[in-house]
Amino acid sequence: MQTVIGVRFKRAGKIYYFDPDIFEIKDGEHVIVETIRGVEYGTVIYGNKEVMSDEIIQPLKKVIRVATEEDTQKYNENKANEKVAFRTGKEKIIEHNLPMKLIDVEYTFDGGKIIFYFTAEGRIDFRELVKDLAAIYHTRIELRQIGVRDESKMLGGIASCGRVLCCHSFLSDFAPVSIKMAKQQQLSLNPTKISGICGRLMCCLKYENDLYEECDRHCEKKAAQNIEEEKIDINELKKLED
């Protein structure tokens with residue numbers, strides 16, 4: 001067993017384990033931790049808890065510190081700067097006449113890198129765009145192309161059920177969804193009825209799929225039993241005829 005905390009860096013993002021070290025950290029607090037992207041500011045989803053060692057990918061990074069007021073202020077400043085960088089990014093994309101759509105901008109906590117997320121039909125030569133942005137912000141610039149599912153997750157929206165998109169509100173991962181699931185649940189195969197606003201099959205087709213599969217297995221087993229019982233009944237009748 002090992003004591004860990006669960007930290008999330010984005011809304012509905014993945015939860016990562018960190019070693020709380022000497023700190024007693026509670027749910028909802030903010031911490032400063034080191035990640036593969038550098039130093040980050042995260043929200044504690046669950047505080048100190050014991051988990052099995054085999055659930056942890058070693059080595060586990062230790063919490064640098066519980067976030068201070070200064071850290072929170074810097075985080076909020078980054079969020080404000082992201083909005084400005086987003087407007088600048090859109091202007092530069094138009095200026096370079098690039099066939100791409102800017103979705104979001106993200107600052108790393110220490111300001112060492114700015115990530116511009118975009119969608120596009122194919123590959124984009126954005127080298128000149130990166131040069132322009134680097135000249136403006138004097139830091140590392142990364143342009144990251146994302147898919148339509150990730151676009152919906154970032155931007156959010158209202159699904160056909162009238163609720164906020166699952167991927168934007170609580171789904172941390174995209175589970176594989178297939179047309180077979182819709183068939184198994186006897187749903188209409190009309191694309192407009194089983195597709196989300198991202199244009200892909202709705203994630204909620206996965207929610208009850210395990211139950212439908214279990215029901216199908218039960219029905220198949222029951223049908224096989226009925227066939228065997230019918231065979232026995234026929235054999236008994238043949239004995240009476242003899």
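For the atom pair Lys49 NZ and Met1 CE, the distance stands at 9.0 Å (nearest 0.5 Å). Taking CG of Asp71 as the start and CD1 of Ile32 as the end, the distance is 4.0 Å to the nearest 0.5 Å. The distance from atom OH of Tyr17 to atom CD1 of Ile5, rounded to the nearest 0.5 Å, is 11.5 Å. A distance of 4.5 Å separates CD1 of Ile45 from CZ of Arg8, quoted to the nearest 0.5 Å. One distance of note links NZ of Lys113 with CD1 of Ile141; it measures 10.5 Å at 0.5 Å rounding.
Judged purely by distance below 3.5 Å, without hydrogens or angles, the side chains of Tyr16 and Thr35 never pair a donor atom with an acceptor atom.
Asp21 contributes no side-chain N or O that, together with a main-chain N or O of Phe23, makes up a donor-acceptor pair within less than 3.5 Å.
Ile124 is not listed as a side-chain neighbour of Leu129, based on a closest heavy-atom distance of 4.5 Å or more. The shortest distance between side-chain heavy atoms of Phe18 and Val44 does not fall below 4.5 Å.
Checked against salt bridge (Lys or Arg N to Asp or Glu O under 4.0 Å), Lys90 has no partners two or more places apart in sequence or in another chain.
Phe118 has its ring centre less than 6.0 Å from the ring centre of Phe126.
Within 6.0 Å of CD in Glu121 there are 12 or fewer heavy atoms belonging to other residues, nucleotides or ligands.
Under the 4.0 Å criterion applied to side-chain N and carboxylate O atoms, Lys180 and Glu213 are not assigned as salt-bridge partners. Ion pairing between a basic and an acidic side chain is recognised when a charged N comes within 4.0 Å of a carboxylate O; Glu34 and Lys62 show no such pairing.
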Atom pairs and distances, side-chain donor-acceptor, residues 153-163, under 3.5 Å, sequence neighbours left out:
from, atom 1, to, atom 2, distance (Å)
Lys153, NZ, Ala12, O, 2.8
Lys153, NZ, Cys167, O, 2.8
Lys153, NZ, Leu171, O, 2.4

